Amino acid sequence: MKDKLTSLEIKWIIYDIGNSAFILLCSTIIPIYFNSISSAAGVAESDYLTYWSYATSIATIIVAFAGPILGTLADYKDKKKKYFVSSAILGALGLAAFWIPGNWKIFLLLYVCAKVFFSLSLVFYDSMLNDVTTDERMDHVSSVGYALGYIGSCVPFIISLVLVLMGDKIGLSTSTAMMIAFLLNAIWWIAFTIPLAGSYKQKSYIEKQDRVVSQSLGRLWHSLKNAKKDKKIFLFLLAFFFYIDGVYTIIDMSTAYGTSLGLDTTGLLLALLMTQVVAFPASLTFAKLSKKFSSDKLIKIAIIAYFCIAVFAIQLDQQWEFWLLAFAVGCFQGGIQALSRSYFAKIIPDESSGEYFGLFDVCGKGASFLGTFLIGFITQLTGHQNYGVAAISVMFIIGYFLFNKVSKMD
């Protein structure tokens, strides 16, 4: 298999560089910014973590309903690119507007909207993988996408970090620095959407029919029944739901968790920047390993690693421990995401990739409904953040058990 990427594969990968800037902000600067405006309004630290968890969960619930339906509609001829571009632009515009509200409740509402459109764009983006490359190259292309996304997103993040931490030295207020940071990352996102939007052509599709909405709902219901009948697809989605939910919970909640424990925010941001840097070579390593070892073995290794990370996080209360955790996450984050995406793409019908990836993203990329809800609920119930984190380790155990069954079906 040749490693050289085609022009279309490169343009598909480039979108990962654009959208990753948003998700990096969501796990670093944005929770800290929300903490500052909510604290100014008198919201307690434990309640801040709870509200942030609930907002992330609400965004996922919305995507859970909208993702499969829109993914099914996107499978019709010439629809996928339109849906992809619309959701990416709306998500970026939402990000650009983050600096406007001073009220923490309005900010959370805006965050939910941007997160929803971000997640929907990934439903269409992930389903394009079947059109831009071959089954033999999927593991490699998917892994390179995540790798370049991690390292590429560091560029706007570092600029944003400098503005936020050192803006006062050049005469910028915190609000002005945040405004520039949000606008910069929104422009970055849109800029890296353009190459794929201009070149992608939908090869696998279903011809448009009368009563599109009702037909699409019918096809979605048919896919759900087929997924349940196809034991491999069904079990994979179930396994993926548990283990990737844990992964995305750790990504989404790391800064919020560290902040609620009273750890230094600058240290948290620098540690998570290290995660992105480490994830770049680690993801490329997984891409090379996928040529020598089966993707199911590599996914199982990554699940075990994440279980250990979650257990370690339960007792976390020191800054150096957060750095160690951030390094470990960087080693496995890209590999488990990329190989799961390509593994699923190989076992589904090409012409129905949109609707199947709608289900796929409900289980994972919509981002951590069950995990974030559990952290928020248990923290609010007990008053201890660590108890909430303990629930995440159980999700990896369930995910491993189910995925092990899937791997034996190959």
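Everything numeric in this text was worked out from a predicted model, so none of it was measured.
Here the CG-SG distance, from Leu24 to Cys154, works out to 6.5 Å after rounding to the nearest 0.5 Å. In this structure, CD1 on Ile303 lies 7.0 Å from OG on Ser340, to the nearest 0.5 angstrom. The distance from atom CG of Asn130 to atom CG of Asp135, rounded to the nearest 0.5 Å, is 7.5 Å. A distance of 11.0 Å separates CZ in Arg137 from OG in Ser290, rounded to the nearest 0.5 Å. If you take CG on Leu148 and CZ on Phe280, they are separated by 5.5 Å, rounding to the nearest 0.5 Å.
Shortest non-hydrogen contact noted between Asn404 and Lys300 is OD1-NZ, 3.1 Å. Smallest separation of non-hydrogen atoms from Ala97 and Leu110: O-CD2, 3.2 Å. For the pair Ala88 and Tyr15, the tightest heavy-atom approach, listed with the atom from each and the gap, is CB-OH, 3.7 Å. The nearest pair of heavy atoms linking Gly330 to Ala282 is O-CB, 3.5 Å. Counting all heavy atoms, side chain and backbone alike, Lys80 lies closest to Gln202 at N-OE1, 3.1 Å. In plain terms, the two heavy atoms of Val329 and Ile309 that are nearest each other are N-CD1, 3.8 Å.
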- Message: Please evaluate residues Gln333 and Thr275 with respect to the criterion side-chain hydrogen bond (donor to acceptor under 3.5 Å, both in side chains), reporting the C-alpha separation (whole Å), side-chain torsions for both, the decisive distance (0.1 Å), and the verdict.
- Response: CA-CA 9 Å; Gln333 180 173 292; Thr275 298; over 6 Å; no
- Query: Does the ring pair (Phe, Tyr, Trp, His ring centres under 6.0 Å) test come out yes or no for Phe22 and Trp189, once each step is laid out?
  - Reply: CA-CA 7 Å; Phe22 172 71; Trp189 185 355; 5.2 Å; yes
- Begin with the C-alpha distance, continue with both residues' side-chain angles, and end with the deciding distance and a verdict on side-chain hydrogen bond (donor to acceptor under 3.5 Å, both in side chains) for Ser121 and Asn19. CA-CA 9 Å; Ser121 78; Asn19 75 69; 5.9 Å; no
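Ring to ring, Phe182 and Tyr33 are close: their centroids are under 6.0 angstrom apart. If you look at Phe192 and Trp188, their ring centroids are closer than 6.0 Å.
Between Phe107 and Trp52, the ring-plane angle classifies as parallel under the 30° and 60° cut-offs. Between Tyr125 and Trp12, the ring-plane angle classifies as parallel under the 30° and 60° cut-offs. Aromatic ring orientation, Phe344 versus Phe236: parallel (interplanar angle below 30°, classes split at 30° and 60°).
Heavy atoms from other residues, nucleotides or ligands lying under 6.0 Å from OH of Tyr54 number more than 12. For Lys346, the NZ atom counts as densely surrounded, since its 6.0 Å shell holds more than 12 non-hydrogen atoms of other residues, nucleotides or ligands.
Between Phe396 and the choices Phe241, Tyr306, Phe401, Phe307, the ring-ring contact (aromatic ring centres under 6.0 Å, His included) rule is met once, by Tyr306.
A salt bridge between Asp16 and Arg341 is present, with a side-chain N of the basic residue lying under 4.0 Å from a carboxylate O of the acidic one.
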